[in-house]
Protein chains: 2
Amino acid sequence: MSVSAPRRAPVQTRERLMNAAFEEVYHNGFQGSDLKAILARAGVTKGALYHHFDGKEALGHAVIEHVIARITQDKWLAPLDDVDDPIDALLGILDDTGTSDAEVNGGCPLNNLAQEMSPLDEGFRRRLSEIFTNWIGGVSDALRLGQINEKVRNDIDARDTATYLVATYEGYISLAKTAQDSRVLISGMKQLRLYLESLRA
Amino acid sequence: MSVSAPRRAPVQTRERLMNAAFEEVYHNGFQGSDLKAILARAGVTKGALYHHFDGKEALGHAVIEHVIARITQDKWLAPLDDVDDPIDALLGILDDTGTSDAEVNGGCPLNNLAQEMSPLDEGFRRRLSEIFTNWIGGVSDALRLGQINEKVRNDIDARDTATYLVATYEGYISLAKTAQDSRVLISGMKQLRLYLESLRA
DNA sequence: AATATCATACATACTGGTTGGTATGTCAGT
DNA sequence: ACTGACATACCAACCAGTATGTATGATATT
């Protein structure tokens with residue numbers, strides 16, 4: 001195995017490209033993102049990009065599959081995995097939701113891209129929809145386990161409730177982004193906490 | 001006063017341009033909208049556009065102020081204006097929410113544009129944010145009047161509740177758009193109806 | 001009433017810069 | 001020597017914006 005990093009590190013180059021693309025897309029949208037800006041941010045040239053990816057669209061797909069999917073995994077799915085009390089876990093996740101100006105003004109990377117690209121490109125839409133499905137599925141599974149553990153009310157439908165949570169969560173993030181006002185988001189998270197408490201068995 | 005429409009109808013031309021721009025922006029986003037497509041749809045040429053508007057950006061601003069603002073007014077504010085029981089009125093509005101494929105896949109014009117343009121252009125953001133503020137304000141006022149009329153519970157905060165309703169409503173529309181599945185939206189409206197019923201005095 | 005005047009309301013042709021994509025070159029490592 | 005991993009130079013298309021031309025219709029003038 002190689003110890004020192006090779007001068008030419010294809011894996012790292014790919015990652016740098018995807019991370020740079022993620023940042024640019026997060027701030028400008030996919031259509032608004034300039035390849036040159038992505039390359040400059042990644043510190044590579046066009047040759048590297050087109051060596052690793054088929055083009056801008058393929059890079060966008062890779063960003064969804066690798067960067068955005070991981071964010072959802074880390075923030076939501078991992079903390080909910082096989083947990084005893086999902087209400088507590090969900091409350092913790094809400095507490096971790098950033099309310100800095102940068103995050104409030106930027107919105108949710110997943111939803112941003114979904115709203116922009118879903119109607120335009122089926123490849124984007126399918127990948128983004130899959131992340132939403134996994135997200136809601138993870139919340140749903142956790143709630144069901146909580147019902148078995150008698151931590152969550154049994155008279156609610158886990159999937160409907162999970163969908164409701166995700167929809168409201170994303171809705172507040174969107175509102176706060178447009179208003180550019182963290183108070184909207186903070187108030188929303190408070191409302192969601194109240195809702196979560198109402199789900200306890 | 002002139003009876004027959006004049007060959008050159010500036011007011012109508014402006015409206016045609018704004019409506020065409022609205023449709024194109026609704027389907028492709030603002031950045032993704034081609035001026036040529038807008039002009040073709042409006043049936044006018046570039047000369048007309050730049051005679052009536054300063055450019056693409058100004059046309060976008062006009063679309064928000066005239067087309068999108070009117071949609072919100074007609075769908076939400078008018079039915080809620082000075083109504084006796086806001087819960088009934090809100091339920092009626094939810095029933096009017098379209099669940100056709102075109103509407104589900106297209107999402108909410110207001111939120112679509114807000115998510116795309118808010119971080120990019122302060123002129124867009126301010127105008128869009130104002131519509132959201134009016135929207136939430138209208139729901140809020142109706143709820144407060146309902147509290148006075150003893151149709152709405154007094155232990156809720158009208159503004160927080162209105163914001164919650166709008167956030168959840170928009171969140172479901174966004175989810176359904178990405179999933180391209182009207183069942184998501186139908187299920188969401190059902191959840192919102194349950195929530196509304198829980199607000200009755 | 002007929003005509004001249006003139007600003008409005010467009011249409012057409014053109015341009016300059018941007019942008020995604022390509023073709024080619026080169027160097028590192030095996 | 002040869003393939004993978006880039007860098008550089010170039011290109012063609014697109015697209016917002018502009019410059020210019022022209023016709024319409026209202027108003028002023030005689």
Side-chain angles (χ1 to χ4, degrees), chain A residues 1-25 27-64 113 116-117 120-121 123-124, chain B residues 1-25 27-64 113 116-117 120-121 123-124:
Chain A
M1 66 186 87
S2 74
V3 178
S4 66
R7 305 272 172 82
R8 317 211 280 168
V11 176
Q12 289 168 24
T13 301
R14 279 182 68 94
E15 260 175 31
R16 291 177 64 81
L17 277 167
M18 287 188 290
N19 288 331
F22 170 77
E23 291 296 331
E24 288 294 321
V25 169
H27 290 106
N28 307 320
F30 181 77
Q31 303 184 78
S33 286
D34 185 356
L35 275 188
K36 269 209 179 145
I38 294 175
L39 296 173
R41 188 187 281 266
V44 299
T45 61
K46 209 166 266 193
L49 169 61
Y50 280 90
H51 175 71
H52 287 287
F53 301 95
D54 281 344
K56 192 188 181 189
E57 183 178 334
L59 179 60
H61 293 169
V63 166
I64 299 171
L113 200 49
E116 179 190 1
M117 297 304 295
L120 297 178
D121 184 302
F124 275 78
Chain B
M1 65 185 88
S2 75
V3 178
S4 65
R7 302 273 170 80
R8 317 209 282 168
V11 176
Q12 290 169 24
T13 300
R14 279 182 67 94
E15 261 176 30
R16 291 177 64 81
L17 278 166
M18 288 189 290
N19 288 331
F22 169 78
E23 291 295 331
E24 287 294 322
V25 169
H27 290 106
N28 306 319
F30 181 77
Q31 302 184 80
S33 287
D34 186 356
L35 274 188
K36 268 207 180 149
I38 295 175
L39 296 173
R41 189 187 280 266
V44 298
T45 62
K46 209 165 268 194
L49 169 62
Y50 280 90
H51 175 72
H52 287 287
F53 301 95
D54 280 344
K56 192 188 181 190
E57 183 178 336
L59 179 59
H61 292 170
V63 166
I64 298 172
L113 201 50
E116 179 190 1
M117 296 304 295
L120 267 50
D121 184 302
F124 274 78

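Because the structure is a prediction, the values reported are computed rather than measured. The sequence lines fix the lettering, A, B, ..., with proteins before strands; numbering per chain opens at 1.
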Enclosure of Asp34(B) CG (heavy-atom neighbours >12, cutoff 6.0 Å):
yes

Against the side chain of Ala48(B), the closest entry in dG20(C), dA16(D), dA11(C) is dA11(C)

Which of the following nucleotides, dA5(D), dT8(D), dC10(C), is nearest to the side chain of Thr13(B)?
dC10(C)

Applying side chain to side chain contact (heavy atoms under 4.5 Å, CB included), run through His51(A) and Thr13(A) and close with a yes or a no.
CA-CA 10 Å; His51(A) 175 71; Thr13(A) 301; over 6 Å; no

Could you state the atom-to-atom distance from [atom1] of [X] to [atom2] of [N] in whole Å?
X: Arg14(B); N: dC10(C); atom1: CZ; atom2: P; result: 11 Å
X: Phe53(A); N: dC6(D); atom1: CZ; atom2: C1'; result: 14 Å
X: His51(B); N: dA16(D); atom1: NE2; atom2: C1'; result: 19 Å
X: Glu57(A); N: dG20(C); atom1: CD; atom2: P; result: 13 Å
X: Tyr50(A); N: dC11(D); atom1: OH; atom2: C1'; result: 13 Å
X: Lys46(A); N: dC10(D); atom1: NZ; atom2: C1'; result: 10 Å
X: Asp34(B); N: dA16(D); atom1: CG; atom2: C1'; result: 9 Å
X: Lys36(B); N: dA11(C); atom1: NZ; atom2: C1'; result: 14 Å

Any side-chain N or O of His52(B) under 4.0 Å from OP1/OP2 of dA9(C)?
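It does not, given that no N or O in the side chain of His52(B) lies less than 4.0 Å from OP1 or OP2 of dA9(C).
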
Which heavy atom in Asp121(B) sits nearest to a heavy atom in His61(B), and how many Å separate them?
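Scanning both residues, the minimum pair turns out to be OD1-NE2, 3.7 Å.
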
Give a yes or no on whether the backbone of Phe30(B) and the side-chain of Glu116(B) come within a donor-acceptor separation of less than 3.5 Å.
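Indeed, once roles are kept as given, a pair shorter than 3.5 Å links the two residues.
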
Residue whose closest nucleotide on DNA chain C lies nearer the 5' end, Gly43(B) versus Leu35(A)
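Of the two residues, Gly43(B) wins.
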
